[in-house]
There are 2 protein chains.
Amino acid sequence: MVTVDPWHALADPTRRKVFARVARGPCSVTEIARDLPVSRPAVSQHLRVLLDAQLVDVQQRGRERLYQPRLSGLEVLRRDLESYWSQTLSTFKEVAEQSYEPDTSPTEGASR
Amino acid sequence: MVTVDPWHALADPTRRKVFARVARGPCSVTEIARDLPVSRPAVSQHLRVLLDAQLVDVQQRGRERLYQPRLSGLEVLRRDLESYWSQTLSTFKEVAEQSYEPDTSPTEGASR
DNA sequence: ACAACACGTAAGTTACTACTTACGCGTTCA
DNA sequence: TGAACGCGTAAGTAGTAACTTACGTGTTGT
């Protein structure tokens, strides 16, 4: 089993549309391909990547394969994004404090 | 000015490391390149993409260029991710309800 | 049993992307 | 004023990724 970075998985616009459709509710490959300007095999290949990124799950249903969204992959993205967000906020805070105390950095007063 | 999809911007592992470093606090190109196994121009090119994705900002500082994180790009990601998350949760709910009421779907009792 | 359906995968092509080295421009400091 | 620094960008290259068509497999219904 190959593991795929969920960031990479959602980077492609077409693949993001595929995932968005699956997230909205369980659906089959043909059903997804009908709404997209790409072939059915292309959708299959995108779903394979989403599977490897733990973003979707499959379930055989007669002769259909029903795809459903999965939380595991999203949790990774959530954690990373939350980290970026909080670090960005505290960086903002630090920069703001430094502009009030120019003594802290001895890099000469070229801050403006 | 070229606009870049923030999803695409954070898809590359190296670029994500560059952004993670900038998020942690303002820094220069050379400083980032010192901690990564790629050349300085490579870092410059990554920062260009992050700039176009509204994920970072620059500020000339003497002969250095100080990069800082920016919220705009992250907000897009946050909004998308939040949408995926909530839709995935409600899809889970729907699926759970359907398994208790097999009458709803006339696709014959092949659910197990 | 056979046609139709739903799907995955192999094979091939084209476009893009991440990287390198080489170069040029502005800034700092002796 | 000239050497060193910090950086962006151009040019070239190797690897990857997204797509297509063609084909094979399992399931449904007559």
Side-chain angles (χ1 to χ4, degrees), chain A residues 1-19 21-22 26-53 56-68 105-112, chain B residues 1-19 21-22 26-53 56-68 105-112:
Chain A
M1 179 208 143
V2 188
T3 168
V4 162
D5 176 21
W7 283 104
H8 166 256
L10 289 189
D12 181 73
T14 303
R15 193 153 52 227
R16 211 153 59 233
K17 283 177 194 164
V18 170
F19 176 68
R21 176 62 190 85
V22 174
C27 51
S28 68
V29 181
T30 313
E31 194 173 353
I32 301 173
R34 204 186 309 128
D35 301 337
L36 291 179
V38 294
S39 68
R40 183 193 51 75
V43 174
S44 261
Q45 289 161 12
H46 283 308
L47 285 167
R48 167 62 182 260
V49 176
L50 293 173
L51 269 172
D52 291 342
V56 300
D57 249 341
V58 219
Q59 192 181 352
Q60 195 79 22
R61 174 97 166 192
R63 57 183 166 186
E64 285 184 339
R65 284 170 71 91
L66 229 41
Y67 284 86
Q68 297 179 7
S105 57
T107 48
E108 124 184 345
S111 58
R112 272 220 163 207
Chain B
M1 180 208 144
V2 187
T3 168
V4 162
D5 176 20
W7 283 103
H8 166 257
L10 289 188
D12 181 71
T14 303
R15 193 154 52 227
R16 211 152 60 233
K17 284 178 194 164
V18 169
F19 176 68
R21 175 64 190 84
V22 174
C27 51
S28 68
V29 179
T30 313
E31 194 173 351
I32 300 173
R34 203 186 310 127
D35 301 336
L36 291 179
V38 295
S39 68
R40 183 193 51 75
V43 174
S44 261
Q45 289 161 12
H46 282 309
L47 285 167
R48 168 62 184 261
V49 175
L50 293 173
L51 269 172
D52 291 343
V56 300
D57 250 340
V58 218
Q59 190 180 354
Q60 195 78 23
R61 174 97 166 193
R63 56 183 167 185
E64 286 184 341
R65 284 169 72 90
L66 230 40
Y67 284 87
Q68 298 180 5
S105 58
T107 48
E108 117 185 352
S111 60
R112 271 221 163 203

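Just so it is clear: chains get the letters A, B, ... in the order the sequence lines come, proteins before strands, and each one is counted from 1.
Of the candidates D/dC19, C/dT9, D/dT9, the closest approach to any side-chain atom of A/Arg48 belongs to C/dT9.
Every side-chain contact (heavy atoms from CB on, under 4.5 Å) that B/Val58 has, sequence neighbours left out, goes to B/Leu51, B/Arg65, B/Tyr67. Residues meeting the salt bridge (Lys or Arg N to Asp or Glu O under 4.0 Å) test with A/Asp12, sequence neighbours left out: none. By the salt bridge (Lys or Arg N to Asp or Glu O under 4.0 Å) test, B/Arg48 pairs with B/Asp52, sequence neighbours left out.
The shortest distance between the side-chain N/O atoms of B/Tyr67 and the OP1/OP2 oxygens of D/dG8 is below 4.0 Å. An OP1 or OP2 oxygen of D/dT20 is reached within less than 4.0 angstrom by a side-chain nitrogen or oxygen of A/Ser39.
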May I have the list of side-chain donor-acceptor pairs in residues 38-46 of chain A shorter than 3.5 Å, sequence neighbours left out?
unit_1	atom_1	unit_2	atom_2	d
A/Ser39	OG	A/Ala42	N	3.4
A/His46	ND1	A/Arg15	NH1	3.4

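Across B/Ser28 and B/Leu66, no two heavy atoms sit closer than the pair N-CD1, 3.9 Å. Heavy atoms only, all atoms of each residue included: B/Gly62 and B/Gln60 are closest at O-NE2, 3.5 Å. Between A/Ala11 and B/Asp5 the shortest heavy-atom distance is O-OD2, 3.9 Å.
The distance between atom NZ of B/Lys17 and atom C1' of C/dC19, rounded to the nearest whole Å, is 14 Å. Look at CZ on B/Arg61: it is 15 Å from C1' on C/dT28, rounded to the nearest Å. For B/Gln60 and C/dC25, the CD to P distance is 17 Å, given to the nearest whole Å.
Contact annotation: the side chain of B/Val18 approaches that of B/Leu50 to within less than 4.5 Å [non-hydrogen atoms, C-beta and beyond].
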Atom pairs, N/O to N/O, protein against nucleotides 16-18 of chain D, distance under 3.5 Å?
unit_1	atom_1	unit_2	atom_2	d
D/dA18	OP1	A/Arg15	NH2	3.2
D/dA18	OP2	A/Arg15	NH1	3.2

Reading 5' to 3' through nucleotides 1-6 of chain C, protein heavy-atom contacts under 4.0 Å coded B for base, S for sugar-phosphate only, - for none: ---BBS

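With DNA chain D read from its 5' end, the first of the two nearest nucleotides for B/Leu47 and A/Pro41 is the one closest to B/Leu47.
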